2 protein chains.
Amino acid sequence: MISFEHFTPEEGIPIYLQIVRHIKRGVAAGTVVHGDEVPSRRVLSALLGVNPNTIQKAYVLLEEEGLMASHAGAKSYMTLTDGRAAAVREELLRNDARAVIDSLRQMGLSKNEALSLIEAYWE
Amino acid sequence: MISFEHFTPEEGIPIYLQIVRHIKRGVAAGTVVHGDEVPSRRVLSALLGVNPNTIQKAYVLLEEEGLMASHAGAKSYMTLTDGRAAAVREELLRNDARAVIDSLRQMGLSKNEALSLIEAYWE
DNA sequence: GCAACTGTATCTGTTGTATAATACAGTTGA
DNA sequence: TCAACTGTATTATACAACAGATACAGTTGC
């Protein structure tokens, strides 16, 4: 069963997108693997204190990407080939890198300054 | 006069917030300094192809943060003490660092792996 | 069979974003 | 002075995103 223990909602970003992101990061980390059971819409909605439709919206996105499968009446499970999981990881890493690099560059930082910044805030 | 030459709108983020971000990054980079003239609402709206109200919404936010000042009938200018500019820079850097670090950590990367990633994508 | 779960579909309402059309008032400079 | 710019304010409209309420339908296990 996929864990939402360390899920910390952040305002300014739609909840359903944060749910998608949380699961994708789990896939990238390898803590979410093929065949893992996904919490039901009602269970997760109660856990997070949101509407079941909000969960459904997130799950539909994951299904459209082929990362999970649902069937009326039955539980839902992750559907992850090795290649698909690796692709998710690459996508997230690339997006993160691109976003932060663009931003830091626009602020005039050099590569070394950027690396020092990340190192300083890593803790 | 503040330049919008390298302003590249990105979908998914409200235009007025992108304008605020663009100017703040200029402040952080030192390319926008105290006393710099800000394009008028009408001029910038024509340049970007958006409604004047959208520009106004961005400028109101900047005014509320004390980064610029407007007076009816006159042009608008940046109002930046050295400390204020430094604070804007620190805030943007900290937010960028925090966002990317949180994400990479959730994907299971170590500090060195994160640094290598940034270096690899910097180009 | 049936209770208790599962996913699915539809409708409603609020909010944010952006546009449009004006109107009014203050300043600046020739 | 006065034309041409500035900022400011109001009202209306449209649309999409987001989330909530509710009802319906399929499965699973006893």
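By convention in this document, chain letters (A, B, ...) are assigned in the order of the sequence lines, proteins followed by strands, and residues within each chain are numbered from 1. The shown structure was predicted, so the numbers you read here are calculated from the model rather than taken from an experiment.
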Could you verify whether a donor N or O on one side chain and an acceptor N or O on the other, from [X] and [Y], lie under 3.5 Å apart?
| X | Y | answer |
| --- | --- | --- |
| Ser103(A) | Arg21(B) | no |
| Ser70(A) | Glu63(A) | yes |
| Thr31(A) | Arg25(A) | no |

Grab the [atom1]-[atom2] distance between [X] and [N] for me, whole Å please.
| X | N | atom1 | atom2 | answer |
| --- | --- | --- | --- | --- |
| Gln18(A) | dA19(D) | CD | P | 9 Å |
| Lys57(B) | dT15(C) | NZ | P | 14 Å |
| Glu64(A) | dT8(C) | CD | P | 12 Å |
| Gln56(B) | dT19(C) | CD | C1' | 15 Å |
| Ile13(A) | dC18(D) | CD1 | P | 11 Å |
| Glu37(A) | dT27(D) | CD | C1' | 14 Å |
| Tyr77(A) | dT28(D) | OH | C1' | 10 Å |
| Leu44(A) | dT6(C) | CG | P | 11 Å |

Identify which nucleotide among [options] has an atom closest to any side-chain atom of [X], counting heavy atoms from C-beta outward.
| X | options | answer |
| --- | --- | --- |
| Tyr16(B) | dT17(C), dA20(C), dT22(D) | dT17(C) |
| Ala74(A) | dT17(C), dT28(D), dC18(D) | dT28(D) |
| Thr54(B) | dA18(C), dG20(D), dT10(D) | dA18(C) |
| Asn53(B) | dT17(C), dG20(D), dT19(C) | dT19(C) |
| Pro14(B) | dA18(C), dC18(D), dT10(D) | dA18(C) |
| Asn51(B) | dT17(C), dA20(C), dG7(D) | dA20(C) |
| Ser70(B) | dG7(C), dG20(D), dT8(D) | dT8(D) |
| Arg42(A) | dA20(C), dT17(C), dG7(C) | dG7(C) |

Enumerate donor-acceptor pairs with a distance under 3.5 Å from any side-chain N or O in residues 112-123 of chain A to protein atoms, sequence neighbours excluded.
| from | atom 1 | to | atom 2 | distance (Å) |
| --- | --- | --- | --- | --- |
| Glu113(A) | OE1 | Ser110(A) | N | 2.8 |
| Glu113(A) | OE1 | Ser110(A) | OG | 3.4 |
| Ser116(A) | OG | Asn112(A) | O | 3.0 |

Look at the side-chain N and O atoms of [X] and state whether any lies under 4.0 Å from the OP1 or OP2 oxygen of [N].
| X | N | value |
| --- | --- | --- |
| Arg41(A) | dT6(C) | no |
| Ser40(A) | dC5(C) | no |
| Ser76(B) | dG7(D) | yes |

Quiz item: His71(A) or Ile15(A): which one's nearest nucleotide on DNA chain D is closer to the 5' end?
Solution: Ile15(A)
Quiz item: Where each residue is assigned the nucleotide of DNA chain D containing its nearest heavy atom, which of Leu17(A) and Val43(B) is assigned the position nearer the 5′ end?
Solution: Val43(B)
Practice problem: Kindly indicate whether the side chain of Ile2(B), heavy atoms from C-beta on, has any atom under 4.5 Å from the side chain of Glu37(B). | Solution: no
Quiz item: Counting distance only, does the side-chain N/O of Ser45(B) pair as donor-acceptor with the main-chain N or O of Arg41(B) below 3.5 Å?
Solution: yes
